[in-house]
Structures are given as structure tokens and as C-alpha cells.
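Have a look at the structure below before the remarks.
Sequential numbering from 1 along the given sequence is applied to the chain's residues. Quick caveat, the model's predicted, so the values are computed rather than measured.
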Amino acid sequence: MSVEISARFAFEVEHKASALLQFEAADLPEQELVRADTRLTPTKHFARVPAQDNIGERIWIEADGLVEVEYEAQVTAHRLVAELAALDALPPHKLPGPAVKFLLDSRYCHSSQFIDFADAQFGGTRGGARIAAINDWIAGHMRYTPGASGSATTATDTFHSGLGICRDYAHLFVTLARASAIPARYVACYAPGVTPQDFHAVAEVFLANPEGAGGLWQLVDATGMADLHQAVTIGVGRDAADVSFLTSFAPMRFLSSEVSVTVSR
């Protein structure tokens with residue numbers, strides 16, 4: 001089963017500016033890149049650099065004027081999705097070093113503010129059972145509402161408003177997982193079945209490996225829209241700031257975006 005991806009977006013800068021792009025599917029054991037084609041307006045500078053945790057790549061460009069990006073890929077997904085409720089947690093002192101930063105506050109996820117809430121709301125659960133309880137709580141308290149949030153909206157804002165899009169769902173989920181002492185990271189991905197179709201945001205939690213020592217990252221979609229078996233990871237980060245498909249380091253005007261994700265047999 002293959003996932004067919006097509007993404008296009010365009011933006012414009014008035015003066016020469018640096019921009020960081022991350023929109024290509026990562027090459028991972030659980031997702032095989034069958035083909036990929038990236039095309040963009042010629043720029044003064046173009047360089048690839050490793051992305052967060054070496055999952056995927058980012059592209060540095062120096063742009064001046066209009067930049068149009070087109071990306072097409074075919075990916076075969078081999079991802080196994082575990083039954084989260086059956087998985088145990090790892091105590092923080094047994095976490096590997098790379099997972100530690102995903103326990104801490106970040107730009108959009110102020111998890112330390114929610115420790116008391118998480119304990120009161122989800123007390124008596126741990127590990128995957130706690131994750132399932134968080135997911136159920138979000139499903140019962142959030143309403144998917146395009147336009148209800150913006151680039152400055154934090155998980156705290158979303159918690160109080162109960163409104164948002166996939167980015168906000170993922171931020172709130174990550175925040176409540178971290179407040180429960182479970183490492184959680186933000187995942188940018190392509191996923192069939194998402195409405196409206198766009199760059200999608202899910203999360204990953206670090207739980208005990210059911211087949212041996214240590215832990216494994218497990219995908220979770222708080223919106224419930226994505227088929228995680230067929231989700232294609234672009235990159236991961238502490239929150240959306242680490243893995244935005246476009247980060248400009250000077251004033252920029254965003255013009256358009258179009259994403260298509262389909263499944264073929």
C-alpha cells in the first residue's frame with residue numbers, strides 16, 4: 001500500500017531573507033521513499049541540513065521575491081501501531097538522554113502549569129492508560145474549528161478556549177502527556193483521511209517497549225482523523241516551532257498552500 005503525496009505552497013519576501021523549509025517525507029525504516037521530487041524557484045542559496053533528532057531534513061534558502069515550492073512523493077508505509085492502553089510508562093530517571101527534552105516546557109507547551117490538573121483529572125492511570133485517558137478527555141473537550149487559533153496560540157490558550165485545529169490538538173496533548181511525566185513530541189506529517197487536507201500535526205509518546213528493555217516512540221492523533229498506519233512523518237520537534245514547513249527570518253507574505261494525500265494499492 002502506497003501513500004501518494006503532492007504539496008505546493010508559495011510565499012513572497014520584499015527583501016533578501018533567509019528561510020527554513022521542512023516539507024519532505026523523512027526516510028525512515030517504517031516509511032520507504034519510493035520516489036520523491038522537490039522543485040522550487042531558484043534561490044540565491046540552497047542547502048540541506050539534518051532536522052531535529054536527525055528525522056528528516058530541513059532546507060535553508062536565501063530568497064528575494066516570490067518563492068514557489070512543489071513536492072511530490074510516493075511512500076510505502078510499514079508502521080506498526082501499538083495498543084497504547086496496554087503499554088507501561090518508563091520512570092523519568094530511566095529515560096534515555098534524547099527523550100529528556102520532551103518532558104520539559106517548550107514555546108507552545110507549558111506543561112509545568114498542568115501537573116496538578118493532570119494528577120487530579122487522570123490520577124489512577126499510568127503509561128498508555130494515562131495516554132488513552134488524555135486522548136479521551138481532549139476528544140470530549142475540544143471542537144475542531146478552523147480559524148479559531150493563530151501562530152501565537154499556546155496549549156494553555158487552547159485548554160481554555162476548547163477550540164482549534166490539528167496543531168492545537170497536538171500541542172494540548174503533548175502538554176498533558178509531559179505534565180504526566182511521559183515524554184511527548186510534536187510530529188508534522190502527511191496523512192490520508194484528514195479533512196480539510198493539509199500538513200497534519202500529530203504527536204508521539206515514549207512508552208515502555210512491550211517486547212524488551214527501554215522504550216519506543218508511539219504515534220497518537222488527538223484529532224482522531226488520521227489513519228496512523230498510513231501517516232508519513234515529515235519531522236519531529238518539541239512543538240510546532242521546531243518543525244514548521246516554513247520559517248522566515250524576515251517579513252514574509254504567505255500566498256497559497258495546497259496538499260493532497262491519497263492511498264493506492
Point to revise | Student check: side-chain heavy atoms of Ile131 and Gln218 closer than 4.5 Å | key: no
Throw together a table of side-chain donor-acceptor distances under 3.5 angstrom for residues 89-101, partners on residues two or more places apart or in other chains.
{"residue": "Lys101", "atom": "NZ", "partner": "Asp53", "partner atom": "OD1", "Å": "3.1"}
{"residue": "Lys101", "atom": "NZ", "partner": "Pro98", "partner atom": "O", "Å": "3.3"}

Check your understanding: Are Val194 and Phe23 in one and the same hydrophobic cluster, where Ile, Leu, Val, Met, Phe, Trp and Tyr link if side-chain heavy atoms are under 4.5 Å apart?
Key -> no
Review point. Do the side-chain N and O atoms of Thr247 and Arg58 include a donor-acceptor pair separated by under 3.5 angstrom?
Key: no
Review point. Should the pair Trp137 and Phe159 be assigned to parallel (<30°), tilted (30 to 60°) or perpendicular (>60°) ring geometry?
Key: parallel
Review point. Checking Arg167 side chain against Ser151 main chain: does a donor-acceptor pair fall under 3.5 Å?
Key: yes
Check your understanding: Is the shortest heavy-atom distance from the side chain of His200 to the side chain of Thr223 under 4.5 Å?
Key -> yes
Point to revise | Test item: Arg130 side-chain N/O and Phe122 main-chain N/O as donor-acceptor pair under 3.5 Å | key: yes
Please list, one pair per line, the donor and acceptor atoms closer than 3.5 Å that link side chains of residues 228-237 to other protein atoms, with sequence neighbours excluded.
{"residue": "His229", "atom": "ND1", "partner": "Asp227", "partner atom": "OD1", "Å": "3.3"}
{"residue": "Thr233", "atom": "OG1", "partner": "Arg79", "partner atom": "NH2", "Å": "3.4"}

Study note, to complete from the structure: Scanning both residues in full, the closest heavy-atom pair of Ala25 with Tyr190 reads N-CE1, 4.5 Å
Practice item. For the residue pair Leu207 and Leu84, establish whether any side-chain heavy-atom pair is separated by less than 4.5 Å. Key: yes
Check your understanding: Has Glu32 got more than 12 heavy atoms of other residues, nucleotides or ligands less than 6.0 Å from its CD?
Key -> yes
Review point. Is a side-chain donor or acceptor of Asp157 paired with a backbone partner of Thr153 at a separation under 3.5 angstrom?
Key: no
Review point. Can Leu255 be reached from Val259 by stepping across I, L, V, M, F, W or Y side chains whose heavy atoms are under 4.5 Å apart?
Key: no
Point to revise | Stepwise side chain to side chain contact (heavy atoms under 4.5 Å, CB included) test for Leu104 and Arg178 | key: CA-CA 7 Å; Leu104 308 176; Arg178 290 178 187 169; over 6 Å; no
Practice item. Determine yes or no for a side-chain-to-main-chain donor-acceptor pair under 3.5 angstrom, with Asp64 supplying the side chain and His15 the backbone. Key: no
Check your understanding: Do Phe102 and Phe206 make the cut of ring centroids closer than 6.0 angstrom?
Key -> no
Review point. Would Arg39 and Asp37 count as a salt bridge (Lys or Arg N to Asp or Glu O under 4.0 Å) if you check the C-alpha gap in whole Å, the side-chain angles of each, and the deciding distance to 0.1 Å?
Key: CA-CA 7 Å; Arg39 302 180 298 276; Asp37 182 27; 2.2 Å; yes
Exercise for review: Flag the pair Asp198 / Ser257 as yes when at least one side-chain heavy-atom distance between them is below 4.5 Å, and no otherwise.
Suggested key: yes
Check your understanding: Minimum heavy-atom separation for Thr145 to Ile165, with atom names?
Key -> O-CG2, 3.9 Å
Exercise for review: Check the surroundings of atom CZ in Arg48: do more than 12 heavy atoms from other residues, nucleotides or ligands lie under 6.0 Å from it?
Suggested key: yes
Check your understanding: Looking only at atom types and distance, does a side-chain atom of Tyr169 sit under 3.5 Å from a main-chain N or O of Ala201, one as donor and one as acceptor?
Key -> no
Practice item. Any chance you could pull the hydrophobic cluster mates of Trp60, using side-chain heavy atoms under 4.5 angstrom and chaining through other members? Key: Leu20, Val49, Phe249
**Study point:** N/O donor-acceptor pair under 3.5 Å between Asp105 side chain and Ser112 backbone
**Key:** yes
Check your understanding: Do the side chain of Ser244 and the main chain of Ala240 share a donor and acceptor less than 3.5 angstrom apart?
Key -> no
Check your understanding: Looking at side-chain heavy atoms only, is the closest gap between His45 and Lys16 below 4.5 Å?
Key -> no
Check your understanding: So which of Glu68, Glu258, Glu72 actually passes salt bridge (Lys or Arg N to Asp or Glu O under 4.0 Å) with Arg8?
Key -> Glu72
Practice item. Verify the cluster assignment for Leu66 and Val69: are they in a single hydrophobic cluster under the rule of side-chain heavy atoms below 4.5 Å apart? Key: no
Exercise for review: Please step through side chain to side chain contact (heavy atoms under 4.5 Å, CB included) for the pair Leu176 and Leu172, ending with a clear verdict.
Suggested key: CA-CA 6 Å; Leu176 294 177; Leu172 183 55; 4.2 Å; yes
Practice item. Test Tyr108 against Tyr186 for ring pair (Phe, Tyr, Trp, His ring centres under 6.0 Å), laying out the working first. Key: CA-CA 11 Å; Tyr108 294 108; Tyr186 183 100; 8.6 Å; no
Check your understanding: Within the distance-only criterion (no hydrogens, no angle test), does the side chain of Ser161 pair as donor or acceptor with the backbone N or O of Leu163 below 3.5 angstrom?
Key -> yes
